[in-house]
K.L.:
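Please find one structure pasted underneath; my questions will follow.
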Amino acid sequence: MAQKYNPREIEKRWQQKWAADHIYEVKEDSRRPKFYALTMFPYTSGDLHIGHWYTMAPSDVYARFKRMQGYNVLHPMGFDAFGLPAENAAISHGIHPYDWTMKNIENMRRQFRSMGAIYDWNREVITCLPDYYRWTQWFFLRLYHAGLAYRAEAPVNWCPRCQTVLANEQVVGEGFCERCNTPVTKRELEQWFFRITKYAEELLDHSRLDWPERTKLMQKNWVGKSEGAEICLRLGHEGVEQKEIRVFTTRPDTIFGVTFFLLAPEHPLVCQLTTPEHKAEVDEYIAWCRRQNEYERVAMDREKTGVFLGSYVVNPLNGERVPIWIADYVLPSYGTGAVMAVPAHDERDLEFARKFKLPVRTVIVPPDSTGEEFTEVYTGSGTMVNSGEFNGLPSEQGYEAICALLEEKGWGKRTVIYRLRDWLISRQRYWGAPIPMIYCDKCGIVPVPEEDLPVLLPPDAEFRPTGESPLKYCQSFVNTTCPQCSGPARRETDTMDTFMCSSWYFLRYTSPETGDAPFGATKMKYWLPVNLYTGGVEHAVMHLFYARFFIKALRDMGLVNFDEPFTRLFNQGTIIYRGAKMSKSRGNVIAPDEYVAELGADAVRGYLMFIGPWELGGEWNDRGIVGVSRWLNRVWSLITTDYVPTHRGVVDPEAEKEFLHSTHKTIKEVTAELEKFRFNTMLASLMEFSNYLSKVKESGVVSDALWREAISYFLLLLAPTAPHLAEELWTRTGHPYSIHNQPWSEYDEELAREEEITLVIQVNGKLRDKVIVPASVSEVEAKELALGRERVKAYTDGKKLTRVIYVPKRVVNIVVAS
RNA sequence: GCCGAGGUGGCGGAAUGGUAGACGCGGCGGACUUAAAAUCCGCUUCCUGCAAGGGAGUGUGGGUUCGAGUCCCUCCCUCGGCACCA
């Protein structure tokens, strides 16, 4: 009896040999086409869980497949290492974020090694190390000098009790501090922004990208382009310096339906436009709004709130005097922070009008209107009414005519606005790349000179359970000298959003050893752009969007020579456990280690692929994992036990033909399914083939040579999926090391083609019979055959034949009158 | 609330508008074994029938089509993302 399949022993042995032989080390090579296969790097939370493997294992399979196809494949790995959890660990466990992070990385690296991926660890990138973050700072300076970084006030979540800034994640429930349960308020702070909106229009263009439609759509909605008009409302109010309010509308055609104007409570004119008798009420409402968190304010199902300011403004189109209100559903950050309310044609405005008994005036009637009053909001287009000289016009024409009039009279203009806001990158935290800026009383804001980078994080900062960023209290960090006047100055104590680190890490992988630049220009040019980027669908908007912005900004500075970082993108779905995404902070993680120890990495890799379509993800359960493990065991015994031909010199040509057909059909299917990332059906094809091989082995009908050929094809197809087992069996069947340096198998189209098909015969769309026919069957033959079948006649005899539909190689549908 | 995706056997899932349930798990029966595990063979959507067969069936209710899991509309549920599209 042959030796048993022992994944533990095999996997360890091959991992060691591959490492010792450096077979996965990557060099630039002009003789082969390059392929940059990038997988989103993990956050250093401490352990790799099943969710990480779900991201990493199938992408490793694909990278191995490309490698066998002859590409020079770069498939690197690294760690996204700055962020809030490290700092929380520091506060609650007294361990320094650096130590916590590096310890986690060590553990995660060990787990990665057990997976058997082709990562070239010489290229590892860790974002929290000074030789990485000095370049993150360098990019900040470049963006600043390019006019893309600026300072402005922006609200942060503030816990009045902890006296600290809270991340959105730390605000729980209906706006409470996660530590002390105190209601969270907003506080305005001067912070740094990147002018991402400058690229809004270009970021909408995905036309040259091979990306999933859903991801492109999410990004498009994120940019949120709206075309409309900006209208100036003249203010002649006493004591108000500003002479106009600007409102934005996408529906200038409804302007005659305006019955009130609304400002965001934060709008700068609110205070001046409030009459003394309304001041108390307005102040109270504004204070109440400041306590609202984003989530509450955004909820559409809650009751509308707002207050009247006591003042009015004139609608330029009809000269009407219209009241000004404030309402929290008007957002200061969108458009001009002021809107014209048209309750007849906007759902939210109608709700507001009903609550506060404000008038509603219909100005558009639907094309099919019979003239009766309608009580529901109508947001479509139609014919204009109650609109003065524009009455009777279709609203599309009215839109144009009113815009033209606004522009002619100087009352407003056509404009485009975006929902996209500039990227706020300041974080009031320790564990991030310090923003390399200095504040000097004499010189103002002064950037740190490039040659002084990195601005190092002080190792001796204190982590208090409450209080603001530890950097703020670290005197040795804060106090510095001005690079311009050498006088005393203070450092910026905010650090950068970690999305900044992950916006350029893929450039660093190409040349992580580079000391005088963020990357080596020649190597970067060889590898970039990334041919295939894979990662969780949860990053469809923010990370992927920021990285695209970054590359466009770098392009405009002349640092890179391409427009888009990721030519092809695949977003895999999310692994759910106990009703939510697996994450350490939620505490619903499943570690792969036990499964690996028991069944082997090849089985775990295989199971994660077999579970379902990669792009869908799904609820984790391990019910089927033994199935993949058993299959690998069957493969082991299929190949390690001898094949005994039974034909005694005279082979059955039909049997051999079928055998070759089966082999080449499998090569064709597996190749196509890998190319489409259909790992689940790729595995099913491999299983079907190995089941077939078992049957053939039992009968022994094919020659020994043919059998051996089929086995080596099978192992080559298996190699990306189960790299350890395939390598072991490759060696055992007498092939030269290593299977992972072999070319991918080509199939013979002639042999892969089906010779016989099952023709389905339907009567009135119902399956009534099946018949096996040669694939070359003609339409006439098929129809004749179908009509002549006994089982079919039972349903057609005595009935009138109306049609016979023929779908080549599939169906004959006989339609009879009933 | 908004944006995006998904609902198919007991379970994970398969199916260019053309045989619904591939492949695997679980279950049932059998072989091997003193026995168990492992392994191998067979059956396994539901109802009806001795059988051949017949009928129903892809979250809900409609529609388009010779034919719908697949396309269109309504609603319900689950998951991912989020910074009232004025």
Side-chain angles (χ1 to χ4, degrees), chain A residues 4 168 212-226 228 247-251 262 264 294-302 304 327-331 333-342 346-349 417-421 424 536-542 571 573-574 576 579-581 607 610-613 615-628 630-631 633-634 637 678 680-688 691 694 698 758-770 791 802-816:
Chain A
K4 266 193 78 182
N168 283 339
E213 285 305 319
R214 63 167 162 167
T215 307
K216 292 196 272 190
L217 193 56
M218 276 194 247
Q219 291 208 345
K220 191 179 161 224
N221 292 334
W222 186 258
V223 175
K225 181 177 180 174
S226 293
V247 301
F248 175 77
T249 179
T250 54
R251 294 294 303 272
L262 288 170
E294 206 78 45
Y295 180 84
E296 288 173 315
R297 201 155 154 175
V298 157
M300 194 154 172
D301 53 353
R302 75 198 265 258
K304 290 280 172 287
D328 64 350
Y329 74 90
V330 179
L331 297 180
S333 54
Y334 187 72
T336 57
V339 303
M340 57 178 225
V342 185
D346 183 286
E347 205 177 318
R348 292 156 308 167
D349 296 347
I417 64 159
Y418 301 92
R419 197 184 65 129
L420 183 71
R421 300 182 197 162
L424 193 166
V537 67
E538 66 272 21
H539 294 297
V541 183
M542 298 175 81
N571 282 132
T574 312
I576 307 300
K581 186 174 103 175
Y607 180 60
F610 193 56
I611 217 165
E615 68 269 27
L616 293 186
E619 175 77 29
W620 169 256
N621 77 61
D622 59 9
R623 246 176 280 189
I625 195 165
V626 289
V628 175
R630 283 207 282 250
W631 174 61
N633 270 288
R634 282 199 299 275
S637 48
R678 302 292 294 204
N680 53 334
T681 48
M682 185 242 350
L683 235 62
S685 295
L686 284 176
M687 285 174 177
E688 262 175 288
N691 290 345
S694 300
E698 220 165 293
T758 305
L759 193 66
V760 167
I761 303 165
Q762 299 177 332
V763 177
N764 287 346
K766 275 199 180 293
L767 172 77
R768 294 302 178 190
D769 203 359
K770 300 179 204 178
R791 305 238 339 250
T802 41
R803 289 169 81 169
V804 180
I805 287 152
Y806 175 65
V807 182
K809 297 188 182 186
R810 291 205 184 265
V811 170
V812 176
N813 186 14
I814 300 158
V815 185
V816 294

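Protein chains get the first letters and strands the later ones, always in sequence-line order, with residue 1 at the start of each. None of the values given here were measured: they were computed from a predicted structure.
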K.L.:
What about A:N813: does its side chain form a donor-acceptor pair under 3.5 Å with the base of B:rC66?
P.N.:
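Result: at least one qualifying N/O pair found.
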K.L.:
Take atom C1' in B:rU8 and the same atom in B:rU70, then report the distance between them in whole Å.
P.N.:
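These two C1' atoms come out 12 Å apart once rounded.
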K.L.:
I'd like to know if A:R214 reaches the base of B:rA5 with its side chain, counting only an N/O donor and acceptor under 3.5 Å.
P.N.:
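A donor-acceptor contact between them is absent.
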K.L.:
Return no unless some side-chain N or O of A:K809 is found under 4.0 Å from OP1 or OP2 of B:rG18.
P.N.:
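For A:K809, the contact criterion (side-chain N or O under 4.0 Å from OP1 or OP2 of B:rG18) is not met.
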K.L.:
Please check if the side chain of A:N764 supplies one atom and the backbone of A:V816 the other of a donor-acceptor pair under 3.5 Å.
P.N.:
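At least one qualifying donor-acceptor pair exists.
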K.L.:
Distance from A:I761 atom CD1 to A:K770 atom NZ, nearest 0.5 Å?
P.N.:
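That separation rounds to 11.0 Å.
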K.L.:
Apply the test side chain to side chain contact (heavy atoms under 4.5 Å, CB included) to residues A:Y329 and A:D349: give CA-CA distance (whole Å), side-chain angles for both, the deciding distance (0.1 Å), then the verdict.
P.N.:
CA-CA 10 Å; A:Y329 74 90; A:D349 296 347; 2.8 Å; yes
K.L.:
When you compare B:rA83 with B:rC72, how far apart are their C1' atoms, in angstrom units rounded to a whole number?
P.N.:
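Here B:rA83 and B:rC72 have their C1' atoms 33 Å from each other.
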K.L.:
What's the closest nucleotide to the side chain of A:N221 if the choices are B:rA83, B:rC3, B:rG81?
P.N.:
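Taking heavy atoms from C-beta onward, the closest nucleotide is B:rC3.
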K.L.:
Any side-chain N or O of A:S637 below 4.0 angstrom from OP1/OP2 of B:rU39?
P.N.:
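Result: no.
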K.L.:
Taking the P atom in each of B:rA37 and B:rC28, what is the distance between them to the nearest angstrom?
P.N.:
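So the two P atoms sit 12 Å from each other.
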K.L.:
Closest to the A:R421 side chain: B:rG4, B:rA83, B:rG18?
P.N.:
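The answer is B:rA83, which lies nearest to the side chain.
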K.L.:
Among B:rG12, B:rG4, B:rC85, which is the nearest nucleotide to the side chain of A:R348?
P.N.:
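Selected nucleotide (nearest to the side chain): B:rC85.
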K.L.:
Atom pairs under 3.5 Å, N or O on each side, protein against nucleotides 20-27 of chain B: can you list them with distances?
P.N.:
unit_1: B:rG24; atom_1: OP1; unit_2: A:N691; atom_2: ND2; d: 3.0
unit_1: B:rC25; atom_1: OP1; unit_2: A:R630; atom_2: NE; d: 3.2
unit_1: B:rC25; atom_1: OP1; unit_2: A:R630; atom_2: NH2; d: 2.9
unit_1: B:rC25; atom_1: O2'; unit_2: A:R623; atom_2: O; d: 2.7
unit_1: B:rG26; atom_1: OP2; unit_2: A:R630; atom_2: NH2; d: 2.7

K.L.:
Tell me which nucleotide among B:rA14, B:rC66, B:rG6 gets nearest to the side chain of A:P613.
P.N.:
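That would be B:rA14.
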K.L.:
For a quick test of reading the model: is some side-chain N or O of A:K770 closer than 4.0 Å to OP1 or OP2 of B:rG18?
P.N.:
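Negative; the distance criterion is not met.
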K.L.:
Of all the heavy-atom pairs spanning A:Y418 and A:K225, show the shortest one and how long it is.
P.N.:
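Shortest heavy-atom contact: CE2-CG, 3.7 Å.
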K.L.:
Considering only heavy atoms from C-beta outward, does the side chain of A:V812 approach that of A:V804 to under 4.5 Å?
P.N.:
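They are in side-chain contact.
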K.L.:
Rounded to the nearest 0.5 Å, what's the gap from CG on A:D346 to CZ on A:R251? Could you check?
P.N.:
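A:D346 CG to A:R251 CZ: 9.5 Å, rounded to 0.5 Å.
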K.L.:
Of the options B:rG80, B:rA86, B:rC66, whose atoms approach the side-chain atoms of A:I576 most closely?
P.N.:
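Nearest listed nucleotide: B:rG80.
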K.L.:
Identify all stems in which RNA chain B takes part, counting only runs of at least 3 consecutive pairs (Watson-Crick or G-U wobble, each distance under 3.5 Å), and give each as one range with another, ordered by first number.
P.N.:
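Output for stems: B:1-7 with B:76-82, B:10-12 with B:23-25, B:26-31 with B:39-44, B:45-48 with B:53-56, B:61-63 with B:71-73.
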K.L.:
Could you check which of B:rA15, B:rC3, B:rA86 has an atom nearest any side-chain atom of A:R678?
P.N.:
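Selected nucleotide: B:rA15.
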K.L.:
Within less than 4.0 Å of OP1 or OP2 of B:rG17, is there a side-chain N or O belonging to A:R810?
P.N.:
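Answer no for this pair, as no side-chain N or O of A:R810 is under 4.0 Å from OP1 or OP2.
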K.L.:
Could you classify B:rG59 for me, syn or anti, using a glycosidic angle within 90° of 0 as syn?
P.N.:
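Anti, since the glycosidic angle lies more than 90° from 0.
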K.L.:
For RNA chain B, whose closest nucleotide is more 5', that of A:E213 or that of A:T758?
P.N.:
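With A:E213 and A:T758 compared, the 5'-side residue is A:E213.
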K.L.:
Reckon A:R768 has a side-chain N or O less than 4.0 Å from the OP1 or OP2 of B:rG54?
P.N.:
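For B:rG54, OP1/OP2 do have a side-chain N/O of A:R768 under 4.0 Å.
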K.L.:
Looking only at atom C1', what distance separates B:rU34 and B:rA20, rounded to whole Å?
P.N.:
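Between the two C1' atoms, the distance is 47 Å.
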K.L.:
To the nearest 0.5 Å, what is the distance between CD on A:E213 and NZ on A:K216?
P.N.:
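One gets 4.0 Å once the value is rounded to the nearest 0.5 Å.
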K.L.:
Identify, between A:E615 and A:V811, the residue whose nearest nucleotide on RNA chain B lies closer to the 5' end.
P.N.:
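Taking each residue's closest nucleotide, the earlier one in sequence belongs to A:E615.
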K.L.:
May I have the distance from A:R791 (atom CZ) to B:rU19 (atom P), rounded to whole angstrom?
P.N.:
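Taking atom P of B:rU19 as the reference, CZ of A:R791 is at 16 Å.
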